[in-house]
Amino acid sequence: MISILITGGAGFIGSNFISCMQKKYRNCKIINLDKLTYAGNLNNLSGVISDNYYFIQGDIADTKLVNNILETHNPSIIVNFAAESHVDKSIANPEDFIQTNIVGTANLLYVAKNHWDKVGYKNKLFFQISTDEVYGSLPEDQPNLKFREETPLSPHSPYAASKASADMLVQTYHDTYGFPTLISRCSNNFGPNQYPEKLIPVIILNAIKNKPIPIYGDGKNIRDWIFVEDHCNAILQLIDSGMRGTVFNIGGNCEIKNIDIVRFILDALDKPHSLIQHVEDRLGHDRRYAVDTTKIESLFKFHPSPFEQNMLATIDWYRKTYA
């Protein structure tokens, strides 16, 4: 039986990943370690099959706890979703991001290495879930330019810097010790279970309630969007690949301006565009993100599903869930 430790599994992407994991592997032991901060919600896991599923509330920076989990459950795979992820919060309180995203990842690596050194690295994997924000920003006037896996890291927010630091720690464990790692850097996710602080759930919920929708600056910042289930299935493909010590970009090949996302959602909900309210731009706001997904597409035939149908399904989920 595969035994997998998922950190941050009560969060947005982590909870969706557990759902996808259970659909693909019925005979799999899942240990979900989550601190249950404001963005973690056990209701996200209401559909999880209880057989061979274990939830543990705790902090990835807690060495004693993590060591006990590895000694008790002996996972062969660790997927680290646990992270502080909201850029605005990182600007206001960067220390929280340093503690979880850097110190927490360092602790997971340290404990996992000590444990796996005893049993060997065969069939073991430490999978770091990262973000395209570690690359920095792309120019708007070069639409063919995208972030490649070899693009130098150039983070512009405390959040992005903390994730870049974690990525480098993970990579050095592979390069120094031969530790079995993978890193994926994904574009903006959307879908069910996302905490209503990010752009898309804020737009949907405000629109439903006929409340003003705040948009930073001119709203022309460009992001690549991917449905969360597509992201999770890509992670599963990479886990199954057996590859180690490398980086993969995961994206939706769907670049859209923030203002156009707002207009799409308003039109889908039959709400007036007058709800849009431009506010002062965020500090260090990156203008454009876009990842080159040639590597994962060529090796694993990965292709994201259509944006429009997934967005309409997401809108419907929020409308039913928050009605």
Side-chain angles (χ1 to χ4, degrees), residues 1-23 25 28-86 89-90 93-116 124-131 159 162-163 166 169-170 189 191-198 201 228 231-232 235 239 321-322:
M1 179 186 294
I2 299 173
S3 179
I4 178 170
L5 170 61
I6 298 169
T7 69
F12 168 44
I13 304 176
S15 61
N16 277 281
F17 177 75
I18 290 175
S19 177
C20 290
M21 187 87 183
Q22 288 200 328
K23 288 176 185 176
Y25 300 108
C28 177
K29 179 181 180 181
I30 295 175
I31 308 98
N32 177 10
L33 172 61
D34 196 295
K35 193 176 179 180
L36 291 184
T37 60
Y38 73 95
N41 186 350
L42 290 179
N43 289 332
N44 294 345
L45 299 158
S46 59
V48 168
I49 300 167
S50 59
D51 292 349
N52 300 318
Y53 169 78
Y54 303 85
F55 173 75
I56 300 168
Q57 184 173 355
D59 191 339
I60 60 171
D62 184 335
T63 303
K64 183 177 180 180
L65 173 63
V66 176
N67 185 68
N68 182 61
I69 292 171
L70 266 62
E71 291 289 342
T72 302
H73 296 281
N74 194 30
S76 56
I77 299 169
I78 298 172
V79 186
N80 184 27
F81 291 97
E84 295 283 350
S85 64
H86 194 242
K89 284 183 168 28
S90 81
N93 297 294
E95 62 276 9
D96 294 340
F97 290 71
I98 293 169
Q99 179 63 25
T100 297
N101 299 356
I102 302 176
V103 176
T105 301
N107 185 60
L108 283 175
L109 287 165
Y110 170 75
V111 176
K113 180 182 180 299
N114 285 347
H115 181 71
W116 288 345
K124 303 297 189 296
L125 175 62
F126 186 102
F127 200 132
Q128 175 70 6
I129 306 299
S130 190
T131 170
Y159 162 63
S162 69
K163 292 297 288 184
L169 276 171
V170 172
N189 282 231
N193 297 348
Q194 191 168 29
Y195 187 77
E197 67 181 357
K198 300 295 181 74
V228 65
H231 181 196
C232 294
I235 295 169
I239 289 174
T321 303
Y322 287 87

Given the options V111, N114, L65, L70 meets side-chain contact (heavy atoms from CB on, under 4.5 Å) only with V111

G9 and L45: which non-hydrogen atoms are nearest, and at how many Å? O-CD2, 3.5 Å

Nearest 0.5 Å please: distance from the CZ atom of F127 over to the CD1 atom of I78. 13.0 Å

side-chain contact (heavy atoms from CB on, under 4.5 Å) filter on P94, not counting sequence neighbours, yields P158

Distance col, row T63:OG1 vs N68:CG, nearest 0.5 angstrom, shows 12.5 Å

Is I31 close to T72 at the side-chain level, that is, under 4.5 Å between some pair of heavy atoms? no

Scan for salt bridge (charged side-chain N to carboxylate O under 4.0 Å, His left out) pairs involving residues 99-108, sequence neighbours excluded, and state none if there are none. none

Any luck finding a side-chain donor-acceptor pair between N74 and S3 under 3.5 Å? no

Y195: side-chain contact (heavy atoms from CB on, under 4.5 Å) partners, not counting sequence neighbours: Y38, A39, E197

Only counting residues at least two apart or in another chain, list the ones meeting side-chain contact (heavy atoms from CB on, under 4.5 Å) with N193. F12, S15, N16, N44, W317

Test: ring pair (Phe, Tyr, Trp, His ring centres under 6.0 Å). Region: residues 42-69. Which pairs qualify, not counting sequence neighbours? Y54-H73

Taking atom OH of Y25 as the centre, report whether more than 12 heavy atoms of other residues, nucleotides or ligands fall under 6.0 Å from it. yes

Calculate, to the nearest 0.5 Å, the distance between atoms SG and CD1 belonging to C20 and I13 respectively. 11.5 Å

With F17, which residues qualify under ring pair (Phe, Tyr, Trp, His ring centres under 6.0 Å), at least two apart? F81

Show the nearest heavy-atom pair for residues L33 and Q57, with the distance to one decimal. CD1-C, 4.3 Å

Does anything in residues 10-19 pair up under salt bridge (charged side-chain N to carboxylate O under 4.0 Å, His left out), and if so which pairs, sequence neighbours excluded? none

Shortest non-hydrogen contact from P201 toward P196: CB-CA, 3.8 Å

Begin with the C-alpha distance, continue with both residues' side-chain angles, and end with the deciding distance and a verdict on side chain to side chain contact (heavy atoms under 4.5 Å, CB included) for Q128 and K163. CA-CA 10 Å; Q128 175 70 6; K163 292 297 288 184; 3.8 Å; yes

Quick one: list whatever passes ring pair (Phe, Tyr, Trp, His ring centres under 6.0 Å) with Y322, sequence neighbours left out. Y318

Taking E95's backbone N and O only, do any of them form a donor-acceptor pair with N93's side chain (distance below 3.5 Å, no angle check)? no

For S162 and E84: C-alpha separation, side-chain torsions, deciding distance, then whether side chain to side chain contact (heavy atoms under 4.5 Å, CB included) applies. CA-CA 9 Å; S162 69; E84 295 283 350; over 6 Å; no

Distance-minimising heavy-atom pair for P192 and V228: CD-CG1, 4.3 Å

How far apart are the closest heavy atoms of I69 and P75, and which atoms are they? O-CD, 4.3 Å

Given I235 and M21, is the side chain to side chain contact (heavy atoms under 4.5 Å, CB included) satisfied, shown in steps? CA-CA 10 Å; I235 295 169; M21 187 87 183; over 6 Å; no

Which residues pass the side-chain contact (heavy atoms from CB on, under 4.5 Å) test with L169, not counting sequence neighbours? I102, A106, L109

Taken in chain and number order and not counting sequence neighbours, the residues that satisfy ring pair (Phe, Tyr, Trp, His ring centres under 6.0 Å) with Y159 are none

Please report the shortest heavy-atom distance between I60 and T100, naming the atom on each side. CD1-O, 3.7 Å

Mind checking salt bridge (Lys or Arg N to Asp or Glu O under 4.0 Å) for K113 and listing every partner two or more places apart, or none if nothing turns up? D117

Write out all pairs satisfying salt bridge (charged side-chain N to carboxylate O under 4.0 Å, His left out) with one or both partners inside residues 54-73, taking only residues at least two apart or from two chains. K35-D59, E71-K118

